[in-house]
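Below, all heavy atoms of this structure are taken into account, side chains as well, without hydrogens, waters or symmetry copies.
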2 protein chains.
Amino acid sequence: MSSLRDVAERAQVAVSTVSAALNGTRPVAPATKRRIEQAAAELGYRPNLLARGLQSKRTRILALLFPAPRSGFGLTEMQFATGAAEAAKELGYHLLLSPESAEPIDELRHITGLGLVDGVLLMEVRMDDERTEFLSAAGVPFSMIGRTRDPGSVDYADIDFAATAREAVAHVSGLGHRTLAFFNLSTDLYADGYGPATRMGEEFAAAAREAGLGYVDGFRPGSAEEGRQAFDRLLELHPEVTALAVMDDHAAVGVLAGVAARGWRVPEHLTLLLVLSSAQAAAMFHPRLTTLEPPSAELGRLGARMLIDRLDGAGPPQQRLVPCRLVPGDSSAAPRSGA
Amino acid sequence: MSSLRDVAERAQVAVSTVSAALNGTRPVAPATKRRIEQAAAELGYRPNLLARGLQSKRTRILALLFPAPRSGFGLTEMQFATGAAEAAKELGYHLLLSPESAEPIDELRHITGLGLVDGVLLMEVRMDDERTEFLSAAGVPFSMIGRTRDPGSVDYADIDFAATAREAVAHVSGLGHRTLAFFNLSTDLYADGYGPATRMGEEFAAAAREAGLGYVDGFRPGSAEEGRQAFDRLLELHPEVTALAVMDDHAAVGVLAGVAARGWRVPEHLTLLLVLSSAQAAAMFHPRLTTLEPPSAELGRLGARMLIDRLDGAGPPQQRLVPCRLVPGDSSAAPRSGA
DNA sequence: TTGTAGGCGTTATCAG
DNA sequence: CTGATAACGCCTACAA
């Protein structure tokens, strides 16, 4: 690899001039500049990021803290990562994939202590998240995909749960349904303070109330089996339910099994919505489920972008909420008559 | 961040002594060493990776070239990434996620020209892949997840397609089936020279022949609709088929629809296998499909590990094949009578 | 066993 | 407008 010195020699100028010419960091005579640029091109010169980073204290590398793959689908996490990586790349940054161990704080201490990254991108943020406190205290710039209970002035990009719930409710009530049920994420995740579980639950309740829709919740099935059971119990307790929104993919499988078991069909007897799952996953179902697809790649993109904004200069904290997109499937229709 | 100099001052020794003590790169008197270690601990000293890399020409960073998310599920790619990242971490390396643009070669030139990474991890390798030629020519160490038609002496970890096909065939013929059909990946992927499409196709044919099983292939449905059509045509042309192996998730959805449409059920009338899809995805189906799950995380892990081996020292090229794991679902059974 | 000196490639400062 | 020089933090000779 050729260095600044090689270019300098070839162009017959001093190293510092080459640097200046290439970075536009100080005026350089047009002729000299041209000579330098040509020499650089001929040598295929590429600035060494390490040297640059050592000198400037800025590596233009971001770390994405990556949680150990949970049950769920993982597709969403993947899209965070690719979205963030793409945005980073567009802005001249790189993304380091940092798998999170059992000791996230040690992990953070390690990765930030190396001087390798300029900032950290957090995902799978819980309502109360020790990682944010550590990073704040350590003075490490970071942004979140998701958000804590009280994000303060930390940059974040999260789902607009309220808007998403409203859209779902509008969809369902527009079809004529009078009662909506909601299956939250698994008890484990919910108890863990996983943001989407808490917030989506709250917002669905609020949206239904606002719309004057009957509403049933309290179920948290995390598997097909649990989904099946929850569905049976739901209809036992609330036979008037004609529409159901489910957050867990696997639970939805169970619900469909339950529907079939009682000789019902979707959407004729039940309108079924998948919430916070990818359209990809929804297309695995038969019939294809109507989905509220999270803007995962977009959130990743935003998270990276706002972190870079913060690194490149101050500015007010950016806090963005993006609603899910309603992807119509073949699982929503008018309520069954007689309900 | 405290530097070597800070530690040296605190321990009242020269910088080089600190370096030596901490790296064990030359003998240091026990007493001095202890003093140094304590000083380092007290200051929370962490070696600066950039400085170290600049000096040693080794960054201990690997780039994972990440293709733009294809149709398919993406879960597999994600597991490559996490597997690789985990293995890298265990071995003291870091993984850079490098999204691949429309111009993969430029991308490679860029990422390797920066001096930022020691080596490159390739995935989604096609039978003929220009990237491998570029990297070889450029003298950049790399390993592949997957492999080209002729991998030469390049390190790779790939699926053991032959063993996988044999296991699938054994499973099916063990149940008593006499004729197996195979739906390959989409025409596009196949035409693209995507390794798994080519190889799995060949190996299934070979395994069936070996086992004396009737075999039908030539279908390449890439969507639910195409899967449905392919299934109808398959039974029209080969009504004797009782078992079907499908590579594309979406095509499987279509097949199930076709099964239902003719009043059939899985597995009573058709044994359905999902090939190269995750058990996660298989669990989305009803009934849960028997799956040949690719060892994605393991391949990622291996790919990273062998690249690191190569960087850390020579040794013969490592070329590993890992078979898929057969995850039994509720979609395989004895053939329908009367077939 | 320990210290000094030089250099990795870059940028910033300060003279010229 | 341009050139020398000194960092950045580390490692590896070489010298003491």
(request) Starting at CG of B/Leu97, measure out to NE2 of A/His94 and round the result to the nearest 0.5 Å. (result) 12.0 Å
(request) For atom NZ of A/Lys33, decide whether the heavy atoms of other residues, nucleotides or ligands shown that lie under 6.0 angstrom number more than 12. (result) no
(request) Dump the intermediate steps for salt bridge (charged side-chain N to carboxylate O under 4.0 Å, His left out) on A/Arg58 and A/Asp312, then the final yes or no. (result) CA-CA 10 Å; A/Arg58 304 255 333 250; A/Asp312 281 351; 3.3 Å; yes
(request) Return the minimal non-hydrogen interatomic distance between A/Ala81 and A/Phe66, and the atom names on each side. (result) CB-CE1, 4.1 Å
(message) Main chain of B/Tyr194, side chain of B/Asp192: is a donor-acceptor contact present, judged purely on distance under 3.5 Å?
(response) no
(message) Measuring from atom CG of A/Leu114 to atom CZ of B/Arg46, what distance do you get when rounded to the nearest 0.5 angstrom?
(response) 7.5 Å
(message) For DNA chain D, which residues of residues 23-37 of chain A approach it to below 4.0 angstrom with any heavy atom?
(response) A/Arg26, A/Pro27, A/Val28, A/Ala29, A/Thr32
(request) Look at the side chain of B/Thr198 and the backbone N and O of B/Gly193, then say whether any donor-acceptor pair between them is shorter than 3.5 Å. (result) no
(message) So if I take residues 43-52 of chain A and measure heavy-atom distances to DNA chain C, which residues fall below 4.0 Å?
(response) A/Tyr45, A/Arg46, A/Pro47, A/Asn48, A/Ala51, A/Arg52
(request) Using atom types as modelled and distance alone, determine if a side-chain donor or acceptor of A/Asp155 lies under 3.5 Å from a backbone N or O of A/Gln318. (result) yes
(request) Name the nucleic acid region contacted by A/Ser3, choosing base, sugar-phosphate or nothing; use a 4.0 angstrom heavy-atom cut-off, strictly under. (result) sugar-phosphate
(request) Under 4.0 Å between any heavy atoms, over every strand shown, what does B/Leu4 touch: base, sugar-phosphate, or nothing? Just pick one. (result) sugar-phosphate
(request) Would you classify B/Val13 as touching base, sugar-phosphate or nothing, given that sugar-phosphate means primed atoms plus P, OP1 and OP2, and contacts are heavy atoms under 4.0 Å? (result) sugar-phosphate
(request) Could you tell me from which nucleotide to which nucleotide of DNA chain D, 5' to 3', there is an atom under 4.0 Å from chain A heavy atoms? (result) D/dC1 to D/dG9
(request) Could you tell me, to 10°, how much the axis swings from one end of the helix from C/dT1-D/dA16 to C/dG16-D/dC1 to the other, five pairs per end? (result) 50°
(request) Check whether any side-chain heavy atom of A/Ile159 lies under 4.5 Å from a side-chain heavy atom of A/Leu321, and answer yes or no. (result) no
(request) Please list, in 5' to 3' order, the outermost nucleotides of DNA chain C lying under 4.0 Å from any heavy atom of chain B. (result) C/dT1 to C/dG9
(request) Would you confirm whether A/Arg5, through its side chain, and A/Ala14, through its main-chain N or O, come within 3.5 Å as a donor-acceptor pair? (result) no
Exercise answer: donor-acceptor pairs, residues 137-147 of chain B side-chain atoms, under 3.5 Å, sequence neighbours excluded:
| unit_1 | atom_1 | unit_2 | atom_2 | d |
| --- | --- | --- | --- | --- |
| B/Ser143 | OG | B/Gly303 | O | 2.9 |
| B/Arg147 | NH1 | B/Asp158 | OD2 | 2.8 |

(message) A side-chain contact here means heavy atoms from C-beta on lying under 4.5 Å apart; do B/Leu96 and A/Leu96 qualify?
(response) yes
(request) Provide the closest heavy-atom pair for A/Asp129 versus A/Thr132 in the form atom of the first, atom of the second, distance. (result) O-OG1, 2.7 Å
(request) Mark yes or no for whether A/Asp118, through its side chain, and A/Arg60, through its backbone, hold a donor-acceptor pair below 3.5 Å. (result) yes
(request) By nearest nucleotide on DNA chain C, pick out whichever of B/Gln12 and B/Gln55 is the more 5' one. (result) B/Gln12
(request) Report yes if some heavy atom in the side chain of A/Val154 is under 4.5 Å from a heavy atom in the side chain of A/Pro317; otherwise report no. (result) no
